[in-house]
Participant: 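Pasting a structure below so you can have a look.
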2 protein chains.
Amino acid sequence: MNFSKTTEYSLRILGFMAIEDHKLYSAEVLNQNLDIPFRYLRKQLTRLTNDGFLISYRGKAGGYKISKPLNEITLWDIVNATGEDSLYHECIFGFDSCAFGNKCALHHKWAKIQNSINDMLKNTTLEELKRTKPERFTIQHNLMLTKNV
Amino acid sequence: MNFSKTTEYSLRILGFMAIEDHKLYSAEVLNQNLDIPFRYLRKQLTRLTNDGFLISYRGKAGGYKISKPLNEITLWDIVNATGEDSLYHECIFGFDSCAFGNKCALHHKWAKIQNSINDMLKNTTLEELKRTKPERFTIQHNLMLTKNV
DNA sequence: GCTAAATAATACCTGAAGGTGTCAATTATA
DNA sequence: TATAATTGACACCTTCAGGTATTATTTAGC
């Protein structure tokens with residue numbers, strides 16, 4: 001009952017980069033801050049670039065930066081891009097057909113929770129994350145050796 | 001962002017058996033009703049028995065039945081028994097240490113959702129499921145060939 | 001007691017998520 | 001232009017949840 005590692009990593013990466021969203025971050029710097037295996041981080045950075053969240057700059061002094069205004073990127077966008085199983089209409093019993101119409105009491109309770117998760121993801125942008133920096137990120141933020149473009 | 005198959009199956013099995021909780025259900029009958037691969041269902045039934053949710057009767061005309069009053073079995077008990085990752089104190093970024101104290105806005109939103117899930121699971125017993133039979137279960141319930149002990 | 005029908009135990013198989021290794025392509029700067 | 005530092009591409013490895021196969025054990029009923 002968690003997001004996949006890949007989803008968590010995506011949130012970490014973009015959540016971290018949002019703190020100073022105009023900086024260019026190298027994979028090396030991100031690796032020093034985010035506790036994600038280097039090779040896998042690299043793979044995910046390429047994916048996030050292909051998915052349009054990041055712009056990459058190759059060559060010496062290259063790196064990544066966030067591609068659009070922070071208030072245009074919701075957590076929902078990020079979560080969905082990882083191929084995370086949809087949170088819509090999931091039955092707690094795992095039945096495909098249990099999601100529509102009037103079902104058990106459990107179904108209503110579960111739908112309510114699902115909706116609260118979906119709403120939260122859809123209504124939270126990276127902008128909000130920037131305003132309220134996660135403590136974990138800020139602790140290590142001093143260590144960063146970032147560069148301006 | 002779902003429960004594991006194993007958790008879903010456990011909920012299905014016990015949710016179904018709760019509808020007529022004094023009946024003895026064979027693995028065969030459960031298989032006909034629950035859309036769970038037979039061998040895997042068998043394995044899970046043995047596990048649920050070892051975990052104390054079911055009592056098994058071996059030999060001809062054997063089967064399984066629920067071991068205690070329905071109001072003593074919460075969904076929380078079932079979910080936890082499958083080894084489902086704890087829903088307590090999970091950080092949406094997947095950091096172990098991000099779960100305590102005052103963190104980002106996201107942390108508070110996430111904790112609120114986690115709590116609502118935990119509360120729901122802890123406050124819902126099989127008794128409630130019995131009272132409000134899932135449609136999917138009742139549809140097929142006529143097909144059952146159950147036996148009394 | 002024999003047989004059939006049920007569960008128990010144990011080992012194995014499989015696909016996909018997560019993770020790694022290697023080399024190619026790009027680019028700033030000396 | 002040579003070099004070093006960066007990302008891109010692509011193939012491979014590993015682990016484990018989910019699923020399968022086989023044989024042993026138990027018991028009702030003839």
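Please read all numbers here as calculations on a predicted model, not as lab measurements. Chain identifiers are assigned alphabetically (A, B, ...) following the order of the sequence lines, protein sequences preceding nucleic acid strands; residue numbering begins at 1 within each chain.
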Participant: Taking OP1 and OP2 of C:dT7, is either one under 4.0 Å from a side-chain nitrogen or oxygen of B:Thr46?
Facilitator: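 No, no such contact exists.
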Participant: In a check of side-chain contact (heavy atoms from CB on, under 4.5 Å) between B:Leu126 and each of B:Leu11, B:Ile19, B:Ile73, which one passes?
Facilitator: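 Per the side-chain contact (heavy atoms from CB on, under 4.5 Å) rule, the option paired with B:Leu126 is B:Ile73, out of B:Leu11, B:Ile19, B:Ile73.
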Participant: Could you check if a side-chain atom of B:Arg12 sits within less than 4.5 angstrom of a side-chain atom of B:Asp35, using non-hydrogen atoms only?
Facilitator: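 A side-chain contact under 4.5 Å exists here.
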Participant: Looking at A:Tyr64, does any N or O in its side chain come under 4.0 Å of the phosphate oxygens OP1/OP2 on D:dG8?
Facilitator: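 Yes, such a contact exists.
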Participant: Can you tell me how far P of C:dA17 sits from CZ of A:Arg47, to the nearest Å?
Facilitator: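 It is 12 Å, rounded to the nearest whole Å.
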Participant: State, yes or no, whether a side-chain contact exists between A:Glu127 and A:Arg131 at a heavy-atom distance under 4.5 Å.
Facilitator: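 Side chain of A:Glu127 against side chain of A:Arg131, heavy atoms only: contact under 4.5 Å found.
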Participant: NZ of B:Lys5 versus C1' of C:dG15: gap in Å, rounded?
Facilitator: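 Going from NZ in B:Lys5 over to C1' in C:dG15 covers 14 Å.
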Participant: Give the intermediate values and the outcome of side-chain hydrogen bond (donor to acceptor under 3.5 Å, both in side chains) for residues A:Asp119 and A:Ser116.
Facilitator: CA-CA 5 Å; A:Asp119 289 347; A:Ser116 73; over 6 Å; no
Participant: Check nucleotides 21-25 of chain C against the protein and report each pair of N or O atoms closer than 3.5 Å, with its distance, or say if there are none.
Facilitator:
| from | atom 1 | to | atom 2 | distance (Å) |
| --- | --- | --- | --- | --- |
| C:dA25 | N3 | A:Arg58 | NH2 | 3.2 |

Participant: For A:Thr82 and A:Thr7, what are the C-alpha separation, side-chain angles and deciding distance, and is it a side-chain hydrogen bond (donor to acceptor under 3.5 Å, both in side chains)?
Facilitator: CA-CA 6 Å; A:Thr82 62; A:Thr7 297; 2.8 Å; yes
Participant: Looking at the side chain of B:Ser26, which of C:dA6, D:dG19, D:dT7 is the nearest nucleotide?
Facilitator: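 Closest nucleotide among those given: C:dA6.
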Participant: Between A:Asn50 (CG) and D:dG8 (C1'), how many Å, whole number?
Facilitator: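 Nearest whole value for this atom pair: 9 Å.
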Participant: Please work out which of the three classes, parallel, tilted or perpendicular, describes the rings of A:Trp110 and B:Phe3, given edges at 30° and 60°.
Facilitator: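 Ring orientation of B:Phe3 relative to A:Trp110: parallel.
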Participant: Taking NZ from A:Lys60 and C1' from D:dT7, how many angstroms apart are they, rounded to a whole number?
Facilitator: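 Between C1' of D:dT7 and NZ of A:Lys60: 15 Å.
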Participant: Would you kindly give the CG-to-C1' distance between A:Leu24 and D:dT6, to the nearest whole Å?
Facilitator: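 My rounded result for the distance is 10 Å.
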Participant: Report the distance from atom OH of B:Tyr25 to atom C1' of C:dA6, rounded to the nearest whole Å.
Facilitator: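 These atoms are roughly 18 Å apart.
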Participant: Calculate the interatomic distance between B:Gln44 atom CD and C:dA8 atom C1'; express it in whole Å.
Facilitator: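 One finds 14 Å between C1' of C:dA8 and CD of B:Gln44, rounded.
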Participant: Does a side-chain N or O of B:Thr6 approach OP1 or OP2 of D:dG18 to a distance below 4.0 Å, or not?
Facilitator: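 Yes.
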Participant: Can you tell which of D:dG19, C:dG18, C:dT7 lies closest to the side chain of B:Ser56?
Facilitator: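 When the side chain of B:Ser56 is considered, C:dT7 is the closest of D:dG19, C:dG18, C:dT7.
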Participant: Think B:Tyr40 has a side-chain N or O under 4.0 angstrom from the OP1 or OP2 of D:dA17?
Facilitator: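 Checking D:dA17 against B:Tyr40, no side-chain N or O comes under 4.0 Å of OP1 or OP2.
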Participant: Could you state the OH-P distance from B:Tyr57 to D:dT27, rounded to the nearest angstrom?
Facilitator: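 Checked: the OH to P distance equals 12 Å.
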Participant: Is the closest side-chain donor-acceptor distance between A:Gln44 and A:Ser10 under 3.5 Å?
Facilitator: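 No donor-acceptor contact under 3.5 Å links the two side chains.
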